[in-house]
Number of protein chains: 2
Amino acid sequence: MTTLSKEVGEDARYDPEPAHHPDRRGPLMNRRPGIKDVAASAGVSIKTVSRVVNAEEAVHPETRARVLHAIQQLGYVPNTAARSLKSGTGGAIGVVIDSLADPFFAALVSAIETRALTEGLSVLVASSSLDRDREREQLLSLVAGHQVAGVVFAPVASEHPYLAPYRTTTPVVAVDRSRVGIDSVVVDDRGAAALAVQQFVDLGHRRIAFFDRDERFSTIHRRMSGYLDVLRGAGIEFDPELVSSTVDGSLDYLSEAERLLGLENPATAFFASNAKAAIGLTTALHRIHRQDTAMIAFGDFSFADVLRPGVSCIDQDPFLIGNAAIERLLALREESSGEPREWIVPTALLQRGSGEIEGPAAALSVGSAASARFAEGDVA
Amino acid sequence: MTTLSKEVGEDARYDPEPAHHPDRRGPLMNRRPGIKDVAASAGVSIKTVSRVVNAEEAVHPETRARVLHAIQQLGYVPNTAARSLKSGTGGAIGVVIDSLADPFFAALVSAIETRALTEGLSVLVASSSLDRDREREQLLSLVAGHQVAGVVFAPVASEHPYLAPYRTTTPVVAVDRSRVGIDSVVVDDRGAAALAVQQFVDLGHRRIAFFDRDERFSTIHRRMSGYLDVLRGAGIEFDPELVSSTVDGSLDYLSEAERLLGLENPATAFFASNAKAAIGLTTALHRIHRQDTAMIAFGDFSFADVLRPGVSCIDQDPFLIGNAAIERLLALREESSGEPREWIVPTALLQRGSGEIEGPAAALSVGSAASARFAEGDVA
DNA sequence: TCCGCAGATGACAACGCTGTCAAAGGAGGT
DNA sequence: ACCTCCTTTGACAGCGTTGTCATCTGCGGA
C-alpha cells in the first residue's frame, strides 16, 4: 500500500473544505450505499427505511413501496456490523469442529449451513484441531468477539467455564461428544456399538477385536462400554489383548492388524471404533489379503460399499446430527428451555458383507437373535 | 439481564438525571466486559486501552502492563462488530463454495481456515449449491452485509457485475474455476487432462472415452480441450460416441459405462473428468466386473488406492489450491497488484494401476514417449 | 529562565443502525 | 367544536470501537 498521491477526483469521499472531518461525504458516488442514502432517495427518514428493512408493521404500503424501490435501485444491503453492535448479538452462528478436512465434520457443518441460511444466519467456522487452548481461543473469539447468535461445537476440553458469562445470552450446543451442562447432540454410541458386536456374537465370533481405543474421546469410551456390555451378556471373557490403542495420537494400523491376527488365539472379527480406524484397517486387511476377516466400522465412509466385500458400517449420519444441532440451537434462541440434556440421534447398521462373515463357533450358536437394545431418548 | 439498579459511581459518563434509559448499567455485573470496563479497572482512558489492544507504539510500558493485566482479569475480548463498523471492514473473510459436503471443497476451506487463523481472521462459509441467484445472495451478504476483509469463491455465474462496487475495497479471489477480471486459482485442467490421455495413447489405446462432459463447468471444457489436443496430436479421429454427457444434471453412470463398453468399436480406456464421475464409473465397473478397463480419474478420492486395481488419478490437491487462494487474497490486501490473472496450481498423475492397463494397439506402438506437455505458468 | 519538542494520555466525534419517545394527521365519538 | 385514539412518521441517542486533535508532563538547549 504505497502512499498513493491523493487523487481526489473519482473518489468523492474526500472534500477539501472542512479542515477537520476529512471524510464528510458527498451524495454517494461509489461509496457503499447506507441507510441514509436509501432514506434520501425515497424521501423518508432513516427510521422508516429501518422499519421497512425489518418488516415492521406500521408503514404505509405506498411508503414501503417507495423505500423498497430505492433499496433495489441502490443495491442497499444492511450493515450487519452496525446491527449487531446495536443489538448486542449478530447475524451469524459459530461452529467449532475438529477439522473441516474430516468429511464427517464437513458434512455436519454443511447441514448446519443449509439450515442457517433459511433463518438468514451466516456461519462462522473454526477448527479446534483437538487442542483445548485453540478451542478456547476460537470459542471466545466467536462468542465474545463476533457476538454470534449461537454456537455449535464439538467439545474438546471436558469443561468450558470460560463460556459461562455468555451462556445467558448465547445458546450453546455440543455435537458428537456430549458435555454435562450443555445441550449435546450425539448418537447412541453405546447402543450402536453393542448392536454391531452383538451381530458378531450371533454369527459365532468369540474373538472380537476393538480396533483403536483412542483414550481422548468420550465417544470411544461409550462404544467400548457397548462392546463390553455385549461380551458380558454373551459370557465371553474380556481380553485386553484384543484392544488396540492409539498412543500419542498415532497407531500403525497395518502392524496392529497383523498383531491381532497373529495372536495365539487370533481375532476373527473387528469392530473399528471410528471411521479413520476403519479406513486404516480396511486398507491393511486388503494389503495383507485378509478380506475374509469379519469387520464392522463405526461411521460410514465413501467406498465402503464398493470394496469387496463391502464394509458393514454403523451409519452415523452427519447431516442428521448437524440438523438436530441447529434445530436445537434455534429452539434455544426462542427460550432457554429447562435443563440442558442429551439429544440422541439414531444410527443404523448397514449390512454390506464384511459384518456378516461367520465366526468359527457359528455351527454351535443357537441363533441368540435377541440383541440387546439401548434406546435412550429421542431425537430433536 | 434484568434491570440492574442504577449504580452510577465510578462510571462518570452517565448522569442520573434522565429517568428514561431503563438499562443504565452499573459497574459490570455479569455483563460482557467492554473497553470501558478495562479502562476503569486499569485507571486509564479507553483510548489507551485501545492503543494497547492494537499494539500501537506510544504507550508507557508500565501503563501497558496495567492495561494488559486488567484485560486478562476481566477476560476482555474486543467487539469485532464495533471494530468493523468503525473501520468499514471486518475481521473475517468470506468463502463461497459449491457445497461443504463435497470433500474437495471442505478440504479447500480447511486450508483457508488454517491460514486465516494465523492472520487473526475468521472464516464465514456459505454454499452456492451451484445456483447463480444463491451465489449472488451469499456474496452480497458477505461483502456488503458482513463487510468481510476478502472473499474466496468458486464462481458459478460467468460474470459478477454486482461485485464491482466492492472490488475497490474488498479483494476477491476465484478458485477452482477461473473468471476474467478476477484473480483465479485453478489447476492446469487442460494440461493435466492431456497428460492422462497421452498416457492412454502411449499404452496403445485408441478408443478413449471422455466420461461425463458436464456442460455447466468451464473446467470440464478445458479438460475436454486437453483430451482433444492429444487425440489430434496422435492422429486419432474424435468420436462423439465416446463422450458421455450429463444432461439435466444427472447421468446414469452404470448404463453409460455399459453403453461405452458395448459399442461396436468399444471404449478401452476411460478418462473420468471429475471425482463424482470417477466414483460412479468405478462403482459401475466393479459391478459389471470390468476392472480390466483402463481408467484415469481427474481428482483424487479416498479409497482410490485401496480398490483393485487402484484407481490412477490426477491429483488435484485442495489444500494446495486453498493455500494459494488465501495467500493470493492476503497479498491483494496489501496492494491490489496490477491486473488480475490466473494462478495455476500443479497437478500430478498418481499411478495406481487402473491407468497403466495396456490397450489393444500396445504391440504396434513404438513407445511414443514424447508426451505433449502444457506447462503454463507458475504457482502462487 | 523560557521555549520547543517529544512522549504519553485523554476528550470527543463518528461508524450505521435500531429503540424510545414524540409529533403530526385523520377518524370517530360526544 | 373538542377530545381521544390510532396510524404513520421522524428526531435523537447510543451500541463499542478507533481516528483526530488537544493536553499535559518532562527534558534539553538557547
Side-chain angles (χ1 to χ4, degrees), chain A residues 13 18-25 28 31-40 42-64 66-67 76-91 144-147 169, chain B residues 1 11-15 17-25 28 31-40 42-67 74 76-91 144-147 169:
Chain A
R13 284 193 311 140
H20 335 299
H21 300 301
D23 62 3
R24 273 280 164 269
R25 295 155 322 186
L28 177 60
R31 178 169 52 89
R32 289 143 124 118
I35 198 172
K36 285 199 281 274
D37 303 303
V38 177
V44 296
S45 76
I46 58 170
K47 180 62 205 183
T48 299
V49 176
S50 170
R51 275 190 264 259
V52 171
V53 169
N54 294 290
E56 285 176 33
E57 294 304 314
V59 178
H60 194 90
E62 195 181 296
T63 313
R64 179 191 310 281
R66 236 177 31 248
V67 171
Y76 166 71
V77 178
N79 181 329
T80 53
R83 249 189 231 215
S84 65
L85 176 57
K86 193 76 182 63
S87 68
T89 197
H146 288 280
Q147 317 223 121
T169 48
Chain B
M1 201 157 289
D11 199 2
R13 280 192 319 136
Y14 302 111
D15 68 358
E17 295 298 37
H20 342 297
H21 299 303
D23 62 2
R24 273 286 164 268
R25 294 157 321 189
L28 179 58
R31 179 169 52 90
R32 292 147 126 118
I35 200 173
K36 286 197 283 271
D37 303 303
V38 176
V44 296
S45 76
I46 59 171
K47 181 62 205 183
T48 299
V49 176
S50 171
R51 275 191 264 259
V52 170
V53 170
N54 294 291
E56 284 176 33
E57 295 303 315
V59 178
H60 195 90
E62 195 181 293
T63 313
R64 177 190 310 281
R66 234 176 34 249
V67 171
L74 296 175
Y76 166 72
V77 178
N79 181 329
T80 54
R83 250 191 230 214
S84 63
L85 176 56
K86 195 77 183 71
S87 66
T89 193
H146 289 281
Q147 316 222 123
T169 48

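Every chain is numbered from 1, with letters handed out A, B, ... down the list of sequences. Values in this document were obtained by computation on a predicted structure and should not be read as measured data. What's counted below: heavy atoms across the whole structure, side chains too, no hydrogens, waters or symmetry copies.
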Regarding [X], tell me which of base, sugar-phosphate or nothing describes its non-hydrogen contacts under 4.0 Å with the strands shown.
X	result
A:Val59	sugar-phosphate
A:Ser50	base
B:Val44	sugar-phosphate
A:Ser87	nothing

Separation of [X] atom [atom1] from [N] atom [atom2], in whole Å?
X	N	atom1	atom2	value
B:Lys47	C:dG10	NZ	P	12 Å
B:Tyr76	D:dT18	OH	C1'	10 Å
B:Gln147	C:dG16	CD	P	8 Å
B:Ile46	C:dC12	CD1	C1'	9 Å
B:Asn54	D:dG19	CG	P	7 Å
B:Asp37	D:dC15	CG	P	12 Å
A:Glu62	D:dT9	CD	C1'	14 Å
B:His60	D:dT25	NE2	C1'	12 Å

Side-chain N,O (B:Asn79) to OP1/OP2 (D:dC15) below 4.0 Å: no
With hydrogens left out and only the distance checked, is there a donor-acceptor pair under 3.5 Å joining [X]'s side chain and the base of [N]?
X	N	value
A:Arg32	C:dG16	no
B:Lys86	D:dG19	no
B:Arg51	D:dG19	no
A:Lys36	C:dG16	no

Closest approach of [X] to [Y] (non-hydrogen atoms, all atoms of both residues):
X	Y	value
B:Val44	B:Arg66	CG1-NH2, 3.4 Å
B:Val77	A:Ala144	CB-CB, 3.6 Å
B:Thr63	B:Thr48	CG2-CG2, 3.9 Å
A:Val53	A:Tyr76	CG2-CE2, 3.9 Å

Out of [options], which nucleotide sits closest to the side chain of [X]?
X	options	answer
A:Thr48	D:dT18, D:dG10, C:dT18	D:dG10
A:Ser45	D:dT18, D:dA11, C:dC17	D:dA11
B:Glu56	D:dT8, D:dG19, C:dG16	D:dG19

On DNA chain C, check which nucleotide each of A:Val77 and B:Arg66 is closest to and give me the residue with the more 5' one. B:Arg66
Between B:Leu85 and B:Thr63, who's closer to the 5' end of DNA chain C by nearest nucleotide? B:Thr63
Pair up each side-chain donor or acceptor in residues 82-91 of chain A with any protein partner under 3.5 Å, not counting sequence neighbours, and list the distances.
residue : atom : partner : partner atom : Å
A:Ser84 : OG   : A:Thr80 : O            : 3.2
A:Ser84 : OG   : A:Ala81 : O            : 3.3
A:Ser87 : OG   : A:Arg83 : O            : 3.0
A:Ser87 : OG   : A:Thr89 : N            : 3.3
A:Ser87 : OG   : A:Thr89 : O            : 2.9

Validation row: A:Asn79, A:Arg32 side chains within 4.5 angstrom (heavy atoms): no
